[in-house]
Amino acid sequence: MKTLFFAWRYLWSRPLAAALNVLLLSLGLASITFLLLVGYQLSKAFDRDLAGIDVVVGAKGSPMQLILSGVLHVDVPPGNVPLKAVNELAKHPLVASVIPISLGDNFQAYRIVGTSHAYVDLYDAQLAQGRLWAQPMQVVLGATVARKLGLQLGSTFVGSHGLTPGGHAHGGSIYTVVGILAPSGSVLDRLILTDTASVWQVHEDYTALDEEDRAIMIDEREITLALVQYKTPLAAVTFPRYVNTTTGMQAAAPAMEITRLLHMLGLGTDVLRAFAGVLLLTAGLSVFIALWSAVRERRADLALLRMLGAPASRVAALLLSEALWLGLLAAVFGLALGQAFTAALGWFLQLDTSLLVGGMVWPSALWLVPLVALSVSLGAALLPAWGAYRVSVLALLQGR
Amino acid sequence: MIRTAGLTYRYPGGVALDFPDVDVPQGTVLVLSGPSGCGKSTWLALAAALVAPTGGELVVAGQALGTLNKLASDAWRARTIGFLPQKLHLSAALTVQQNLAMAQWAAGVPENTPRIHDALAALGVAGLSGRLPAQLSGGQAQRVALARAVLLQPTVILADEPTASLDDEAAADAVQLLLGTAASQAATLVIATHDARVVSLIPPKEKGEIGFQTLRLLRQ
């Protein structure tokens with residue numbers, strides 16, 4: 001313990017150099033923390049939210065947009081598809097189940113999703129309070145929505161048109177909260193779920209000119225997309241092509257699109273990873289130079305320690321302990337900065353309501369950060385410590 | 001006590017130093033004098049078991065040196081030798097108290113604050129324990145460095161050029177301080193110096209009472 005104490009005092013006897021080294025190391029470690037946190041959270045979100053969905057069928061357009069909007073709920077959908085066409089797909093021999101998803105409205109930035117009870121079952125979500133909807137205009141809130149908006153069973157609200165706040169309020173169509181889901185860690189936490197018929201009802205009430213017009217609209221009802229589960233994995237070979245070539249819709253495989261997305265993100269993360277590597281290398285060199293200079297400046301002091309009876313290993317341990325402090329401090333600051341950067345990214349991209357990215361997460365991979373910190377700092381201290389180990393007492397006596 | 005017979009040290013580069021024999025009883029004073037480059041520092045290093053003699057016999061405080069391995073030498077030095085370097089080398093990052101605590105750490109003994117206080121008090125600098133070396137006068141710093149040297153109650157005190165760059169009055173004080181401290185601990189005192197004043201600064205009465213020898217080394 002005394003070794004650590006004296007090392008601490010020596011370290012801060014050169015405050016500028018110590019602070020600079022801690023800063024440099026911290027920035028490199030913060031970059032690594034940021035990459036780990038973002039990668040972990042995206043990967044977790046993808047694994048969690050894509051589970052059980054073999055293919056997504058929706059309007060033609062960007063397949064990735066379809067996945068992002070319909071599964072992860074972070075983008076706007078490319079359009080709508082006819083309900084009749086989706087119902088036909090449900091009869092396809094390779095299809096086990098179809099879950100309809102209808103988007104279009106939000107309440108204070110949280111999406112109102114028209115769907116079926118099967119959507120709740122897909123994520124094994126449990127009710128914390130109340131029950132699932134039994135008729136149109138009844139809603140079940142995701143856990144995050146209920147917590148953030150302070151809504152309770154029996155609360156009522158009206159949705160706004162569009163998927164972002166500021167749209168026209170559907171004043172005549174009032175939703176009533178009948179259930180609140182327990183946190184599931186899935187996309188459901190941040191959604192407001194209701195029967196598909198609710199979405200139709202709101203928009204038909206809003207746009208139908210008369211009963212005849214309403215009858216036409218009922219006949220031409222649409223949904224935004226459908227989440228499809230196959231009966232057999234072999235369906236992945238033929239079903240998407242069938243949809244894409246014989247219908248006016250497109251089928252997008254989540255796994256494929258997410259792989260593509262991660263590949264595109266990978267270019268950015270590679271650059272950031274290289275940047276972090278350069279920062280860490282610079283920090284390592286800086287630590288090396290600082291400790292090497294410290295050994296040169298304090299050679300006489302170190303020699304005196306030998307004269308006072310300190311074994312060479314104890315003198316070297318003093319230098320290594322300085323590096324240990326640098327590494328520990330940098331690890332703490334690096335982790336804190338990395339968490340702050342990640343939280344800032346979530347805020348900047350306004351993903352906080354979608355919970356894709358945020359701070360204050362501690363995946364097990366984050367233990368890598370202190371390990372890297374100590375590896376860099378102790379690695380950089382090896383040569384100076386060797387210099388301290390071999391310091392000449394005779395030189396001290398001879399005044400050199 | 002310190003006893004040498006036929007003591008030699010040969011540097012790896014080939015320079016060989018042959019030292020005159022001495023036999024210094026415990027508790028007496030040896031002034032090691034001679035010009036720069038005559039081997040005073042090497043003699044001190046040999047007496048502190050920092051380097052092993054390449055020839056001859058060297059016994060310090062009953063221990064035949066040259067037979068100890070490095071770790072044993074370090075341990076022996078920690079409990080036997082007190083060292084007062086010419087430039088003092090008080091660590092600027094540490095307070096007076098911490099400088100002495102570091103000496104205990106270096107020697108591998110547990111921190112003993114009362115003993116640190118006693119050592120400082122014996123040299124009249126107990127009130128400075130919280131100060132940094134930069135806040136001490138030259139005389140105060142020398143007393144602190146001497147307190148550090150005798151902290152572990154060594155049987156041999158090695159002082160390297162203790163009067164260098166001091167005026168006559170300060171040099172007399174420094175010598176008196178060393179003599180008094182060594183006498184209070186019954187330690188053998190070795191003063192390595194090229195300062196001709198040192199011998200004359202030791203009062204004849206004390207030379208007679210405590211025992212006094214000079215070893216004059218010549219440049220070889």
Side-chain angles (χ1 to χ4, degrees), chain A residues 1-19 21 290-291 293-323 325-326 385-386 388-400, chain B residues 9 11 36-37 39-51 70-95 98-111 132-133 145 148-149 151-152 154 158 160-161 164 192:
Chain A
M1 285 305 289
K2 281 311 253 188
T3 308
L4 287 174
F5 170 76
F6 290 125
W8 176 265
R9 293 300 300 248
Y10 273 128
L11 181 65
W12 292 104
S13 67
R14 291 164 284 121
L16 190 65
N21 282 318
L291 291 178
S293 305
V295 170
R296 288 179 65 86
E297 285 169 16
R298 298 206 309 259
R299 195 157 43 192
D301 286 4
L302 297 174
L304 183 76
L305 292 177
R306 296 278 291 116
M307 191 71 193
L308 292 171
S313 58
R314 194 170 298 154
V315 177
L318 192 62
L319 255 289
L320 288 175
S321 297
E322 282 191 51
W325 276 123
L326 280 174
W386 178 244
Y389 185 89
R390 291 179 55 85
V391 73
S392 166
V393 188
L394 204 52
L396 166 76
L397 291 169
Q398 292 169 337
R400 283 190 270 119
Chain B
Y9 182 75
Y11 277 91
S36 296
K40 295 191 298 292
S41 299
T42 307
W43 197 96
L44 289 180
L46 286 164
L50 285 162
V51 290
K70 282 189 173 179
L71 274 179
S73 296
D74 291 335
W76 174 85
R77 186 165 57 254
R79 64 175 183 270
T80 310
I81 302 292
F83 180 59
L84 181 68
Q86 180 184 344
K87 290 182 180 170
L88 305 182
H89 295 298
L90 294 170
S91 174
L94 305 176
T95 64
Q98 289 163 351
N99 264 284
L100 268 66
M102 191 167 212
Q104 290 176 327
W105 168 82
V109 300
E111 185 172 340
L132 292 169
R148 180 182 61 188
L151 181 64
L152 299 179
L158 306 178
D160 187 19
E161 303 286 1

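Naming convention: chains lettered A, B, ... in sequence-line order (proteins, then strands); numbering from 1 in each chain. None of these values were measured; they are calculated from a predicted model.
Under the salt bridge (Lys or Arg N to Asp or Glu O under 4.0 Å) criterion, A:K2 pairs with B:E111, not counting sequence neighbours. In this structure A:R9 satisfies the salt bridge (Lys or Arg N to Asp or Glu O under 4.0 Å) test with no other residue, sequence neighbours excluded.
With respect to chain A, the highest number of heavy-atom pairs below 4.5 Å among B:A78, B:A149, B:P154, B:A106 belongs to B:A106. Top candidate by heavy-atom pairs under 4.5 Å with chain A, chosen from B:A48, B:S91, B:A192, is B:S91. No other option in B:E161, B:R148, B:K70, B:R79 has as many heavy-atom pairs under 4.5 Å with chain A as B:R148.
Neither the backbone nor the side chain of B:S73 comes within contact range of chain A; no heavy atom of the residue lies under 4.5 Å from a heavy atom of that chain. Neither the backbone nor the side chain of B:L46 comes within contact range of chain A; no heavy atoms are under 4.5 Å apart. If you measure heavy-atom distances from B:L158 to chain A, the contacts under 4.5 Å come from the side chain alone.
Here the shortest heavy-atom pairing between B:M102 and A:L318 reads CE-CD2, 3.8 Å. A:F6 approaches B:Q98 most closely through the heavy-atom pair CE2-O, 3.6 Å. The heavy-atom pair separating A:L304 from B:L88 by the smallest distance is CD2-O, 4.2 Å. Nearest heavy atoms, A:Y10 versus B:A93: CD2-CB, 4.2 Å.
Residue pairs that meet the salt bridge (Lys or Arg N to Asp or Glu O under 4.0 Å) test with at least one member in residues 389-398 of chain A, sequence neighbours left out, do not exist here.
Against chain B, the residues from residues 305-315 of chain A that qualify, each with a non-hydrogen atom under 4.5 angstrom away, are A:L305, A:R306, A:M307, A:L308, A:G309, A:A310, A:P311, A:A312, A:R314 in number order.
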